[in-house]
Amino acid sequence: MTAIPAEQAANTPANAPKSMDAIMSLCKRRGFIYQASEIYGGINGFWDYGPLGAQMKKNLREAWWQDMILNPCWGKKGPNGQRVDCVPVETRIIQHPKVWEASGHIGGFNDPMVDCKETKSRYRYDHVSVYAPASGDAGDKPLFAYMKDSPSEAKQLKKAEKAFGTVKTIMLTDVPVANFAKVLAPDAEKVGTLTEPKQFNLMFRTYIGATAGENDVAYMRPETAQGVFINFKNVVDTCRVKVPFGIGNTGTSFRNEVTPRNYTFRSREFEQAELEFFCHPDESFEWYKFWRDFRMAWWQSIGLAGDNLILREHDKDELSHYSVGTSDVEYRFPFTAPGFGELEGIAHRGNFDLTQHQKHSGAKLEYFDQQRGELLPNGSRRGERYLPHCIEPAAGLDRGVLALLCEAYTKDESRPSPEFMKLHPRIAPIKAAIFPLVAKDGMPEIAEKLYNEVRAKFGKIGFIDFDEKQTIGKRYARMDEAGCPFCFTIDGETAKDNTVTMRDRDTGQQQRMNMDQVLPFLTAKLET
RNA sequence: GCGGACGUAACUCAAUGGUAGAGUGUCAGCCUUCCAAGCUGAAUGUUGAGGGUUCAAAUCCCUUCGUCCGCUCCA
């Protein structure tokens, strides 16, 4: 989340914050999102998708796959004037534990912490020092814990010298946990307030093998990107790809978030869609800008077109340890407004990851580029060996779904159905609905025939709904809440002149068209 | 992890310590020729879970789980 300038924060009617409660209520009611394990009381940080949510998320994933892998950037040329080439991989959630050592996920983020129950402070377990008697046992006197270079150091030293005379410093890690009851925490009044050390590793641990023990620890990936880097050489060796090119990977990742919050926004299990685009170091900044701009345009193309979406370049001091440039595509969620929450990060990762894996695995990951190097007399080039740089557009699909739902949610009290979901046709889980105006006079039969035709052609990209129950108004209203963009109704005239009405979700307007025009109409609307 | 608010039907919410209800939605029937229309009827609850106090608990107390808000954290 980021702060934004005051002039942008002003709420016009168009971007006034929507009620998150109303959105969550509709998502439950219509089967988009359920709390995971709800009948058991729920489980913190996990959410399930219902029928409409599952299809909607699939549509988003497919849109990403089409526009990033199969026809990257809608066929746009890259900054080198060539078409953009990408291939997919599908890599496992569990990899060799050394992958996460190389990536830096184990080394940097598994520090055990101890909490002080009295002062509510939290300390790095291996940073806490303790004053103990220079020789012998402390007896029934406390051990005086302190943090080096903090006020507690001098304060505790004074007390310790009074108690023991000469003192020595040991580390808290050398004090048996059973003796924590005798430790006086740095700023505490009472002894024994420190909890036993707790692991705060954000990676999920698991064990490989049916009789597995502590030597068989493995980790569930916290990002899909590493699956690409460790297969970089395989793809180069087997797939006739040439730098520059991209490798995409989608799938589930896990992070033990300290505080899962804000509906599905910060879930512990989530799906990513990541592309690692490899290029020559000299061209990397151009590619970084190219991908940054395309990713912004892409999110706009599927329905986040308003000013709730921004592209934000990170400040230098915000950059991750590996990155030389990062932008975020951010959305103004109702719960972040007037600030924004991250949907996708586009990072220039340099050659950090390939360097790390080359070092840790011992495998040579350099790329031999035969189109570079000095020109030889025979007309070919000498070639150049290098570790490609990498541009990483990394999107969160669950956050994407959430942003699209929030953006789509529209309240208009003047409509018969005051709440409706203005989902982009490409994303909408229900693509079209076919209704007989009334369930008699042969209308259901004609409707059923049209329904079968529409479903045969478009059923592979989403639901096609048929409904003859209750009044036409209720059926339109139901489709409005489900986000179905187009409803076709067979009425009394259909039998006479073969025409039906098309009712548009966003305007409520109806348009009469020949039944033969229904498939071409949907083709134009859905296959763009 | 800390502090606060909350948890009753699918949804939104009522119910002084004393028989668990309404509206909406859903379903069925009738009626209906274009916008949650009308009429009739139906189903749906261990009041988040577990314990305690009480003759009696949705209501009071404790524990726990979950949701939201503020801190903290967020490769």
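In what follows, chains are A, B, ... by sequence order, proteins preceding strands, each numbered from 1.
Mapping A/R261 and A/L26 onto RNA chain B via the closest heavy atom, the residue that lands nearer the 5' end is A/L26. Nucleotides of RNA chain B nearest to A/I39 and A/D21 differ in position, and the one nearer the 5' end is that of A/D21.
Between B/U64 and B/A20, the distance separating the two P atoms is 30 Å to the nearest Å. When the P atom is compared between B/U44 and B/A9, the two are found 15 Å apart, to the nearest whole Å. Between the P atoms of B/A28 and B/U8, the separation comes to 28 Å (whole Å).
No engagement by A/G50 is indicated, since no non-hydrogen atom pair under 4.0 Å with the nucleic acid exists. Residue A/S25 is in sugar-phosphate contact alone, with no base atom involved, counting any heavy-atom pair closer than 4.0 Å across all strands shown. Within the 4.0 angstrom heavy-atom criterion, no nucleotide atom of any strand lies near A/Y40.
A donor and an acceptor atom, one from each side chain of A/R292 and A/Y288, are nowhere located under 3.5 Å apart.
Because its NZ or CZ atom is not both nearer than 6.0 Å to the ring centre of A/F204 and within 45° of the ring axis, A/R268 does not count as a cation-pi partner of that residue. Taking the ring centre of A/F265 as origin, the terminal cationic atom of A/R399 falls inside the region bounded by 6.0 Å and 45° from the ring axis.
A/R505 places a side-chain N or O within 3.5 Å of a backbone atom of A/L423 that can act as its donor or acceptor partner.
The phosphate of B/C11 (OP1 or OP2) has a side-chain N or O of A/K28 nearer than 4.0 angstrom. Put simply, A/N44 has a side-chain N or O that comes within less than 4.0 Å of OP1 or OP2 on B/U67. Residue A/N262 places none of its side-chain N or O atoms closer than 4.0 Å to OP1 or OP2 of B/U67.
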Next item on the list: Begin from the C-alpha positions of A/E453 and A/K449 and carry the test salt bridge (Lys or Arg N to Asp or Glu O under 4.0 Å) through to its verdict.
Entry: CA-CA 6 Å; A/E453 283 172 22; A/K449 186 163 163 286; 3.7 Å; yes

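Rounded to an integer number of Å, the gap from A/F229 CZ to B/A75 C1' is 14 Å. Put simply, CZ on A/R268 is 17 Å from P on B/C73, counting in whole angstrom units. Rounded to whole angstrom, the span from the CZ atom of A/R221 across to the C1' atom of B/A75 amounts to 17 Å.
Of the listed residues (A/R475, A/K422, A/R503), just one forms a salt bridge (Lys or Arg N to Asp or Glu O under 4.0 Å) with A/D480, and that residue is A/R503. No option in A/E271, A/E90, A/E274 other than A/E274 meets the side chain to side chain donor-acceptor pair (under 3.5 Å) test with A/T224.
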Notebook entry, point to check: When you check every protein heavy atom under 4.0 Å of nucleotides 27-37 of chain B, what one-letter string (B, S, -) results, 5' to 3'?
Noted result: SSS--BBBBBB

